[in-house]
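Scroll down for the structure; my scribbles are underneath it.
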Amino acid sequence: MIKPEVYIKDLEKFVDREVTIYGWIYNIRSSGKVRFLLVRDGTGIVQCVATPQSISPGKFEGSDKIPQESSIIVRGKVRKDSRAPYCGYEIELTDYNVVSYVEREYPIALKEHGIDFLMNHRHLWIRSYQQSIILRIRATIVKSIRDFFDSNGFILVDAPIFTPNACEGTSTLFETNYFDTKAYLTQSGQLYMEAAAMALGKVYCFGPTFRAEKSKTRRHLTEFWMVEPEMAYYDLEDDMEVAEGLVSYIIETVLLKHENELIVLGRNVDNLRKASKRPFYRIKYAEAVELLRKAGHDIKYGDDFGGDEETTLTKQFDKPVFVTHYPIEIKAFYMKRDPNDPSLALNMDLLAPEGYGEIIGGGQREDNLQILLESIKKHNLPQNVFEWYLDLRRYGSVPHSGFGLGVERTIAYICGLHHVRETIPFPRLMDRLNP
RNA sequence: UCCUCGGUAGCUCAAUGGUGGAGCAAGCGGCUGUUAACCGCAAGGUUGCAGGUUCGAGUCCUGCCCGGGGAGCCA
């Protein structure tokens with residue numbers, strides 16, 4: 001057994017005690033007879049101080065010749081020191097063993113690099129301080145999403161990744177061979193969640209989705225993670241309450257566990273704290289169009305919002321804002337019509353503030369068989385592939401609602417990142433499949 | 001797919017059509033509290049690829065390849 005017993009994140013509990021840390025060399029600074037070895041172990045970075053008094057002459061001699069990212073086991077006494085970077089504690093080095101010397105120059109220096117270079121070295125880039133913080137926050141966000149649903153009576157239902165039919169043309173679907181036929185990678189688990197909600201009441205799925213869109217923007221990936229709850233006997237208002245509760249809970253959880261790390265990332269945590277307070281804003285599509293026109297956008301009623309419009313819109317709010325009641329024509333076939341104005345859909349998008357834009361899309365689903373049949377016809381969709389979906393309206397149809405939350409966009413917003421490519425360990429983009 | 005900017009040392013970037021440089025990293029040396037440490041020495045090049053114009057091309061032109069930013073697309 002070699003497994004570590006103490007990790008850097010827990011050093012505060014070991015002040016004045018001798019510890020062994022298993023990690024890698026992050027950087028070394030030397031001032032002649034005082035040497036500072038920055039060691040990271042995956043939970044943080046600690047400064048180890050070596051002097052001729054603290055360590056044997058032979059070990060001291062080699063202590064400033066260990067290349068960056070060499071793996072190393074260090075031993076020494078923990079002390080609090082205001083001069084210690086990163087964690088505020090340092091280790092007085094009494095011994096160390098290099099597990100593996102790096103023999104080629106480590107490509108990623110603690111300096112500026114271009115995004116192409118970094119993306120080509122993503123497998124190493126994730127070792128860097130900021131990237132490791134983002135991945136830890138991602139893990140917290142994923143857990144907070146699961147906790148929220150699990151503790152609010154939702155049942156986890158896994159949706160399939162292979163799907164049989166191209167509902168709306170194949171241009172945005174990844175096609176794959178499936179024995180002697182074709183299958184497509186899922187774009188959404190929603191229709192399956194509707195079936196599950198009729199079986200289990202409140203359900204959610206959480207997994208990767210795939211879109212073959214040739215989009216080159218800061219908010220698109222070809223492979224991204226989505227959480228999709230679906231609730232029986234929930235209307236649009238109930239749906240927004242769930243969405244609001246979820247997003248608020250995610251932000252509060254991240255603030256609780258990672259406030260200092262958010263500050264390292266340069267995130268304005270006061271803005272975030274303000275944004276987590278319910279209720280969020282609610283405006284109708286028609287009002288949003290008015291706001292945009294006042295802000296100088298050339299948009300007319302009936303147009304969908306582009307990235308620019310979303311950015312302008314959300315810069316005007318200090319909390320997330322629901323935009324509801326879009327024209328039914330620009331929305332998907334399963335959206336329920338507003339009984340008060342059949343030209344509108346009972347749908348909602350949730351836009352994150354500070355220019356981030358859409359993180360949630362959802363709404364109430366059409367539960368009337370006849371209207372749904374007409375809608376499928378109007379959208380030029382083949383009815384036969386939706387027969388199983390139509391069964392949900394034939395056998396005990398009820399009002400129901402749901403939404404999808406894009407995990408990477410949520411992470412980008414909470415961490416204050418410009419581009420979603422840094423929110424996922426190994427991003428898949430239109431022009432990038434490696435590493 | 002379109003628009004736009006770019007591709008020069010391992011990395012980040014300079015270089016009026018006229019001898020391709022700097023900082024950092026890597027190498028060597030110095031420094032007893034460094035914070036992307038600092039100081040000194042030495043080293044580092046088929047200027048993305050192929051053609052063209054020119055006495056002369058990193059620089060201008062054409063094509064291709066690769067990337068950034070944006071647009072469109074986007075249940």
Side-chain angles (χ1 to χ4, degrees), chain A residues 26-38 45 47-54 60 64-65 67-69 79 81-88 90 92 102-121 128-130 163 166-169 171-173 186-191 193-194 209-222 224 226 228 304-311 326 328 330-335 345 347 349 357-358 360-363 365-366 375-376 379 381 386 389 402-404 406 409 418-419 421 429-432:
Chain A
Y26 193 68
N27 194 16
I28 293 179
R29 291 187 278 263
S30 165
S31 183
K33 293 290 187 289
V34 188
R35 287 159 186 185
F36 303 92
L37 283 68
L38 297 177
I45 299 177
Q47 170 166 284
C48 302
V49 185
T51 62
Q53 292 80 44
S54 74
F60 182 80
D64 64 345
K65 296 279 186 289
Q68 187 188 4
E69 286 302 323
R79 63 179 175 229
D81 193 309
S82 59
R83 294 168 297 185
Y86 299 107
C87 68
E90 62 182 25
E92 186 181 9
V102 167
E103 298 193 354
R104 294 170 55 171
E105 184 184 342
Y106 186 67
I108 302 181
L110 299 174
K111 298 284 170 191
E112 279 175 39
H113 294 284
I115 190 66
D116 183 44
F117 179 82
L118 288 170
M119 292 291 274
N120 286 336
H121 294 83
S128 73
Y129 189 48
Q130 300 215 344
T163 59
C167 311
E168 306 204 10
S171 63
T172 65
L173 285 164
T186 182
Q187 281 193 312
S188 164
Q190 183 200 316
L191 304 190
M193 288 307 103
E194 289 187 53
T209 50
F210 308 88
R211 296 195 185 172
E213 292 158 10
K214 295 196 166 148
S215 302
K216 271 185 62 179
T217 82
R218 65 196 186 85
R219 43 190 115 186
H220 286 86
L221 295 166
T222 54
F224 64 98
M226 192 153 69
E228 295 174 279
D304 210 343
F305 304 131
D308 270 359
E309 280 89 17
E310 279 188 12
T311 303
Y326 282 57
I328 193 91
I330 59 174
K331 283 293 159 186
F333 77 94
Y334 52 72
M335 294 281 186
N347 80 300
D349 283 353
E358 183 180 350
I360 281 179
R365 321 302 190 188
E366 184 51 71
S375 180
I376 286 173
H379 282 81
L381 299 171
F386 290 109
Y389 183 68
F403 61 85
R409 288 181 179 182
H418 179 71
H419 201 298
R421 65 189 162 209
L429 299 148
M430 184 173 111
D431 294 318
R432 191 175 291 282

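To find a chain, count down the sequence lines: A is the first, B the second, and so on, and within it residues start at 1.
Distance, A/Glu213 CD to B/C74 C1': 4 Å, rounded to whole Å. Atom CD1 in A/Ile28 sits about 16 Å away from atom C1' in B/G33, given to the nearest Å. Spacing between atom CE of A/Met430 and atom P of B/G67 amounts to 9 Å, rounded to whole angstrom units. For the pair A/Ile330 CD1 and B/C73 C1', the computed distance is 15 Å after rounding to whole Å. If you take OH of A/Tyr106 and P of B/G27, they are 16 Å apart, rounded to a whole angstrom. One atom, NZ of A/Lys331, and another, C1' of B/A75, lie 8 Å apart when rounded to the nearest Å. As rounded to whole Å, 17 Å separates atom P of B/C11 from atom CE of A/Met119. Separating the CG atom of A/Asp116 from the C1' atom of B/G10 is a distance of 15 Å, rounded to the nearest angstrom.
Across all non-hydrogen atoms, the minimal contact from A/Phe403 to A/Arg365 is N-NH2, 3.5 Å.
Backbone-only engagement by A/Arg421 is indicated by non-hydrogen atom pairs under 4.0 Å involving sugar-phosphate atoms exclusively. A/Glu90 comes within 4.0 angstrom of a base, heavy atoms only. Within the nucleic acid shown, A/Asp431 comes within 4.0 Å of sugar-phosphate atoms alone, with no base atom in reach, counting heavy atoms only. Base engagement by A/Phe36 is indicated by at least one non-hydrogen atom pair under 4.0 Å involving a base atom. Among the heavy atoms of the strands lying under 4.0 Å from A/Gly114 are primed sugar atoms or P, OP1, OP2 only; no base atom is included. Residue A/His121 is out of contact with every strand shown, counting any heavy-atom pair closer than 4.0 Å. Within 4.0 Å of A/Pro85, counting heavy atoms only, lies at least one base atom of the nucleic acid. Contact annotation for A/Glu228: no contact, since no heavy-atom pair falls under 4.0 Å across all strands. Note on A/Arg211: only backbone sugar-phosphate atoms sit closer than 4.0 angstrom, heavy atoms only; bases stay farther off. Within 4.0 Å of A/Gln47, counting heavy atoms only, lies at least one base atom of the nucleic acid.
Base pairing of B/G51 is made with B/C61, judged by Watson-Crick or G-U wobble geometry with both donor-acceptor distances under 3.5 Å. With a 3.5 Å ceiling on both atom-pair distances, the Watson-Crick or G-U wobble partner of B/U4 is B/G68. Checking B/G44 for Watson-Crick or G-U wobble geometry (two distances, each under 3.5 Å) identifies no partner in any strand. When both pairing distances are held under 3.5 Å, B/C74 makes no Watson-Crick or G-U pair with any nucleotide shown. The partner of B/A22 is B/U12, judged by Watson-Crick or G-U wobble contacts that both fall below 3.5 Å.
At a cut-off of 3.5 angstrom, the base of B/G27 holds no donor-acceptor pair with the side chain of A/Glu105. No N or O donor and acceptor, one from the side chain of A/Ser215 and one from the base of B/C74, sit under 3.5 Å apart. Checked by distance alone, A/His220 brings a side-chain donor or acceptor within 3.5 Å of a matching partner on the base of B/C74. Below the 3.5 angstrom threshold, one finds no donor paired with an acceptor across the side chain of A/Thr217 and the base of B/C73. For A/Arg79 and B/G33, a side-chain-to-base donor-acceptor distance below 3.5 Å is present, hydrogens and geometry of angles not being considered.
Annotation: B/C28 and B/C49 have their C1' atoms spaced 38 Å apart (nearest Å). When the P atom is used for both B/A57 and B/G48, the distance is 15 Å, rounded to whole Å. Taking atom P on both nucleotides, B/G58 is separated from B/G70 by 33 Å, rounded to a whole Å. Taking the C1' atoms as reference points, B/G10 lies 35 Å from B/U53, given to the whole Å. Nucleotides B/C2 and B/A14 are separated by 32 Å at their C1' atoms, to the nearest Å. Taking atom C1' on both nucleotides, B/A9 is separated from B/A26 by 12 Å, rounded to a whole Å. Nucleotides B/C60 and B/G69 have their C1' atoms positioned 26 Å apart, rounded to a whole Å. Using atom P as the reference point in both B/G51 and B/C24, the two lie 38 Å apart (nearest Å).
A donor-acceptor pair under 3.5 Å links the side-chain atoms of A/Glu228 to the main chain of A/Gly189, judged by distance alone.
For A/Val49, whose side chain is taken as the heavy atoms from C-beta onward, the closest listed nucleotide among B/G33, B/A75, B/U12 is B/G33. Minimum atom distance to the side chain of A/Ser31 is reached by B/G33, of the listed B/G33, B/C11, B/A71. Counting only heavy atoms from C-beta on, A/Ser188 has its side chain closest to B/A75 among B/G33, B/G70, B/A75. Listed nucleotides B/U32, B/G70, B/A75 differ in distance to A/Pro52; the shortest reach to its side chain belongs to B/U32.
Ring planes of A/Phe117 and A/His121: tilted class, angle from 30 to 60°.
Side-chain nitrogen and oxygen atoms of A/His418 include at least one within less than 4.0 Å of the OP1 or OP2 phosphate oxygen of B/G70.
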**Request:** Start with the C-alpha distance between A/Gln190 and A/Tyr334, add both sets of side-chain angles, then the distance that settles side chain to side chain donor-acceptor pair (under 3.5 Å), and finish with yes or no.
**Result:** CA-CA 10 Å; A/Gln190 183 200 316; A/Tyr334 52 72; 3.1 Å; yes

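Considering only heavy atoms from C-beta on, A/Glu69 comes within 4.5 Å of A/Tyr26 through its side chain. In this structure, the side chains of A/Arg218 and A/Arg409 stay at 4.5 Å or more apart for every pair of heavy atoms.
Toward the 5' end of RNA chain B, the nearer of the two residues A/Tyr86 and A/Met335, judged by each one's closest nucleotide, is A/Tyr86. Nearest-nucleotide assignment on RNA chain B puts the 5′-proximal partner with A/Phe117, out of A/Phe117 and A/Gly32.
Just one residue in the list A/Glu358, A/His418, A/Glu310 forms a side-chain hydrogen bond (donor to acceptor under 3.5 Å, both in side chains) with A/Arg219, and that residue is A/Glu310.
Proximity of the aromatic rings of A/Tyr86 and A/Tyr129 is defined here by a centroid distance below 6.0 angstrom, and this criterion is met.
With A/Phe60 as the aromatic partner, A/Arg35 meets the cation-pi criteria of under 6.0 angstrom to the ring centre and within 45 degrees of the ring axis.
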